[in-house]
Colleague: 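After the C-alpha cells below, expect a handful of questions from me.
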Number of protein chains: 2
Amino acid sequence: MKPSHITIKDIARILGVSPSTVSRALKDHPDISEETRNLVKTFAEKVKYRPNALALSLRKQKTNTLGLIIPEIVHHFFSSVISGMEDLAYGEGYHMMICQSNENYYREVINTQALLDHRVDGLLVSISKTTKEFNHLQTAIDNGTPVVFFDRICDEIETDRVITDDFEGARVATEHLIECGCKKILHLAAPKHLLIGKKRYEGYCHALKSHNIEIKEEFTLKCDTREEVLTMRQHLLDIAPEIDGVFAVNDSTAIAIMQVLQQNGYKIPEQIKVIGFGDGPNATIASPPLSTVEQKGYEMGREAVRMLIQRLENPTAPINYQTKIITPTLKKRSST
Amino acid sequence: MKPSHITIKDIARILGVSPSTVSRALKDHPDISEETRNLVKTFAEKVKYRPNALALSLRKQKTNTLGLIIPEIVHHFFSSVISGMEDLAYGEGYHMMICQSNENYYREVINTQALLDHRVDGLLVSISKTTKEFNHLQTAIDNGTPVVFFDRICDEIETDRVITDDFEGARVATEHLIECGCKKILHLAAPKHLLIGKKRYEGYCHALKSHNIEIKEEFTLKCDTREEVLTMRQHLLDIAPEIDGVFAVNDSTAIAIMQVLQQNGYKIPEQIKVIGFGDGPNATIASPPLSTVEQKGYEMGREAVRMLIQRLENPTAPINYQTKIITPTLKKRSST
DNA sequence: ATAAAAATTTAAATCGTTTGCGGAAGATGT
DNA sequence: ACATCTTCCGCAAACGATTTAAATTTTTAT
C-alpha cells in the first residue's frame, strides 16, 4: 500500500472539477451532465480507479463483510461449509473474514472481538467445544450485529440457526442397515453430552424400536475416533461375533472398524455391514466404499449466509428467528 | 452495526475534553496529565470502548490484514496451509481475508481486485490451474502491495515464494520404490505446464537415471485426479502387467490406482508397489495404508506469512526476494 | 511582578468517500 | 425585463480515528 492508489480527489484535481462531481459522475447521478460524466468515467477507466473499500465502509457504516468463527478449518466438513459460505457471499457482494477458534473458548472471544472491531455486518458462528459462556455473542447481538449459528449451535441464545437433522440421519442410516437384513446393530457413539452424540443415539434407538428390535445397552459404545477404535480393538473384536451391522457416528470411526474387522477375517458387507455419518472424501476411498449419511456442509454454509444476508438486508423486518434444519441423505455404497 | 459502538468523540463529549486528548490518553501519550489519563481510561474501560478498525486503517494507511487467494479450501493440503497462516498471522496482530479462486482465472482476478480494494497490506497467493496471465498480480506488486506465492508459484513474477521441494520429494519417493526392488515404475503425472507437474516428473526421472533405469515415455501418464484414473481405467490396466511400481503425483490418484489394480486381482504391495504425494488424512485410511511424501502444509502457511510480514515490517529493506524451499519427507506405510 | 519555560489541552487537517444544500448560469414564461 | 425553473456543479460536513501545530494554563526563574 505504498504508492499510487488513485483517489477521487486525485481525479478531481487533475480534471479540474470537485470530488463530489467525480463521485456523482461515477455513479450516474442525474445531476451530472453527460459531457462531464463521460469525461470523468473515461478518465477513471483509464487510470483504473477503484474505490477504497475502507473509506466506503466508514462512510456507509456498512462493510459488506461477514465474520466467520469456526472451530477448525482442517476438517472436511468445516471446509465445505466455508466453501459454501464463500461462494454465496461473494455472489451477493459480501466478503468473509475468517477466524479459527481451535476449539478454544478464549480464542473464540478474542476472535469475536476482532471481527466486531472490524465492524463486520454479521457473524457466522460454530461454537468451540470448550465454550460454555456466551456473553461475547449475546453482546454482539445486543449491539446490533446479527449472528447465525451453524452446526454447533448454542441453545441459550435466541437467534437464527442452521443445523443438521442428526436424529433423522441416524434413523435413516440405522433403518438402512435393518432393511439390508441386520438385526444386531452396534452403535459407535459420540459422548452423550454433545448434542450430536445424543441426537444420533436417539435416531438409532428410534429405528430399532420401530422395527421391534431390542435395544441392548452393550451395543452402544462411546467410541468416536479412529484412535479410539484402535484402542478398543480387542473389545470390539470380542463383540464382533454377536453383531451383523455397525452404525458409526462418523466416517473415520466407521472406516477404522471396517479395517479392524477385515484384518480379523470378517467380510464386509457379507458378514457385517457398516455405515458411517458425514460423507467426507475418505468414504469413497475406503474399501469397500463406505455407505454413509451425507451431511451437507456446502449447503449448510450457503444456507447460513443466506439467512444472515436476509437479515442484514431487511433490518426493519420483524425479528422472527428461524432454525433451518438440513436433512442429510443416505449415500449407499458397498459397505452395506 | 446499528446502535451503540461508542466512539472517541462520544467519550470526549461526555467527559468534556477534546477527542485528541482522549486519543492520547488512551495510548499513554506523555503530554497527558495523569489525572486526565486515568479519567479517560477508566471511563473507556467502563463503556467498553473499542477503536474502529476501519477508521484506524484509513488513517494509518495500513489495514493489518493479509489477503489470501487459494484455489480451493476443501482440500486437505490447502486447509492446512490456511490453518498455519491463520495461527501465525493472528499471533502477529494480522487478520486474514480469504478468497477461493475455484481454479478459475477470472475469479482469481476478481478476488485480487477485491482484496486490493480492501487495501490488504499484502497478498498470499497460490495460483489457479487455469491462470496463464499474471498481470493482476504484477500490477499489485508494482503498486506497492507485496505478494508471497506459495505452492503454486509463478515463475514470471519476481517476488518471495515458498514451495515444496517437489523435485526432491519425487526423487525420494521414486528412489524408495527402487530400493524396494521396483524396476518398472509408472508415473501418474500432473500437467507439465504446472510447475509441480514438471518438478515431480524431473525428480522421478532423476531417480531412475541415477539407478540406470531406462526412462520410458509411455510410463509417464498425465493423470492427476481420482476421476481421471477411473476414466483411464482400461489404459492403466493394459499397462499394469508391465509395471511393478507406481509413483502418483498425489495421494488420491495413488489410492484410486491402488483400488483399480486391486479390483483386477493385483496384490499391493506384493505385485505392484504404490507411493503417493501429499500425506492427507486418507493416506492412513487407504488399504493398505499408503506410503507417501509428507507435504508440510501447515508449515508452508506459517512460512509464507512469516515472509510477508517480514517484508511489510521492513519496507525500507533492500528488495532481495527469497524462495524458501520446504523439503518433504518420506512417510513409509504398507503400500510399498 | 513578570517574562520565559514547561506542561497540558485543543483546533484543525487528514485518510477517501458520500450527500444535503446552496449557488450560478442559462432557459422558459409572462 | 423580470421572475421562475432547470440544469449542473461545488462547498462543507460526516464517518472515526491520529497528529501537527497552535493555544492555553501552570510552573519556574529572575
Colleague: Looking only at the side chain of B:Ser33 (C-beta and beyond, no hydrogens), which of the listed nucleotides D:dA17, C:dT17, C:dT9 gets closest?
Modeller: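 Between D:dA17, C:dT17, C:dT9, the one nearest the side chain of B:Ser33 would be C:dT9.
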Colleague: Between C:dA11, D:dC11, C:dT17, which nucleotide gets closest to the side-chain atoms of B:Ser18?
Modeller: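 Nearest listed nucleotide: C:dA11.
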Colleague: I need the CG-P distance between B:Asn52 and D:dA14, as an integer number of Å.
Modeller: 17 Å
Colleague: Who are the side-chain hydrogen bond (donor to acceptor under 3.5 Å, both in side chains) partners of A:Ser128, not counting sequence neighbours?
Modeller: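 Here the qualifying residues are A:Thr130, A:Thr131.
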Colleague: Could you tell me whether B:Arg37 contacts a base, only the sugar-phosphate backbone, or nothing, with contacts defined as non-hydrogen atoms closer than 4.0 Å?
Modeller: nothing
Colleague: Quick check on contacts: within residues 20-32 of chain B, what sits under 4.0 Å from DNA chain D by heavy-atom distance?
Modeller: B:Ser20, B:Ser23, B:Arg24, B:Lys27
Colleague: Look at the side-chain N and O atoms of B:Thr7 and state whether any lies under 4.0 Å from the OP1 or OP2 oxygen of D:dC15.
Modeller: no
Colleague: Is the count of non-hydrogen atoms from other residues, nucleotides or ligands lying under 6.0 Å from A:Tyr321 atom OH greater than 12?
Modeller: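 More than 12 heavy atoms, drawn from other residues, nucleotides or ligands, come within 6.0 Å of this atom.
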Colleague: Below 4.0 angstrom from OP1 or OP2 of D:dC15, is there any side-chain N or O of B:Lys9?
Modeller: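 Indeed, a polar side-chain atom of B:Lys9 lies that close.
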Colleague: Quick one: B:Leu56 CG to C:dC15 C1', roughly how many Å, whole number?
Modeller: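 For the pair B:Leu56 CG and C:dC15 C1', the rounded distance is 11 Å.
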Colleague: Tell me: CD of B:Glu34 to P of C:dT9, nearest whole Å?
Modeller: 12 Å
Colleague: Among the candidates D:dG10, C:dT10, D:dC15, find the nucleotide nearest to the side-chain atoms of A:Leu58.
Modeller: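 Shortest atom-to-atom distance from the side chain points to D:dC15.
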Colleague: Taking distance alone, no hydrogens or angles, what donor-acceptor pairs closer than 3.5 Å link side-chain atoms of residues 22-31 of chain B to residues at least two apart or in another chain?
Modeller:
unit_1: B:Asp28; atom_1: OD1; unit_2: B:Lys41; atom_2: NZ; d: 2.8
unit_1: B:Asp28; atom_1: OD2; unit_2: B:Lys41; atom_2: NZ; d: 3.2
unit_1: B:His29; atom_1: ND1; unit_2: B:Asp31; atom_2: N; d: 3.0

Colleague: Would you kindly give the CG-to-P distance between A:Asp117 and D:dC15, to the nearest whole Å?
Modeller: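 Distance, rounded to whole Å: 19 Å.
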Colleague: How would you list, by chain and number, every residue that makes a side-chain hydrogen bond (donor to acceptor under 3.5 Å, both in side chains) with B:His136, sequence neighbours excluded?
Modeller: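 B:His136 satisfies side-chain hydrogen bond (donor to acceptor under 3.5 Å, both in side chains) with B:Glu108 once adjacent residues are dropped.
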Colleague: Between B:Leu54 (CG) and C:dG16 (C1'), how many Å, whole number?
Modeller: 12 Å
Colleague: Under 4.0 Å between a side-chain N/O of A:Gln61 and OP1 or OP2 of D:dA14, yes or no?
Modeller: no
Colleague: Once side-chain contact (heavy atoms from CB on, under 4.5 Å) is applied, do any residues pair with B:Glu34, and if so which ones, sequence neighbours excluded?
Modeller: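 B:Glu34 satisfies side-chain contact (heavy atoms from CB on, under 4.5 Å) with B:Arg37, B:Asn38 once adjacent residues are dropped.
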Colleague: Which pairs of donor and acceptor atoms, one on a side chain in residues 74-83 of chain B, lie under 3.5 Å apart (sequence neighbours left out)?
Modeller:
unit_1: B:Ser79; atom_1: OG; unit_2: B:His75; atom_2: O; d: 3.3
unit_1: B:Ser79; atom_1: OG; unit_2: B:His76; atom_2: O; d: 3.2
unit_1: B:Ser80; atom_1: OG; unit_2: B:His76; atom_2: O; d: 2.7
unit_1: B:Ser83; atom_1: OG; unit_2: A:Gln100; atom_2: NE2; d: 3.1

Colleague: Should we count CD of B:Glu313 as having more than 12 external heavy atoms under 6.0 Å?
Modeller: yes
Colleague: Expressed in angstrom and rounded to an integer, what is the separation of B:Lys60 atom NZ from C:dA13 atom P?
Modeller: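 Roughly 22 Å, once rounded to whole Å.
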Colleague: Roughly, in whole Å, what's the span from OH in B:Tyr49 to P in D:dG16?
Modeller: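 To the nearest whole Å, that distance equals 10 Å.
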Colleague: Given atom CD of B:Glu35 and atom C1' of C:dT8, what is their separation to the nearest angstrom?
Modeller: 11 Å
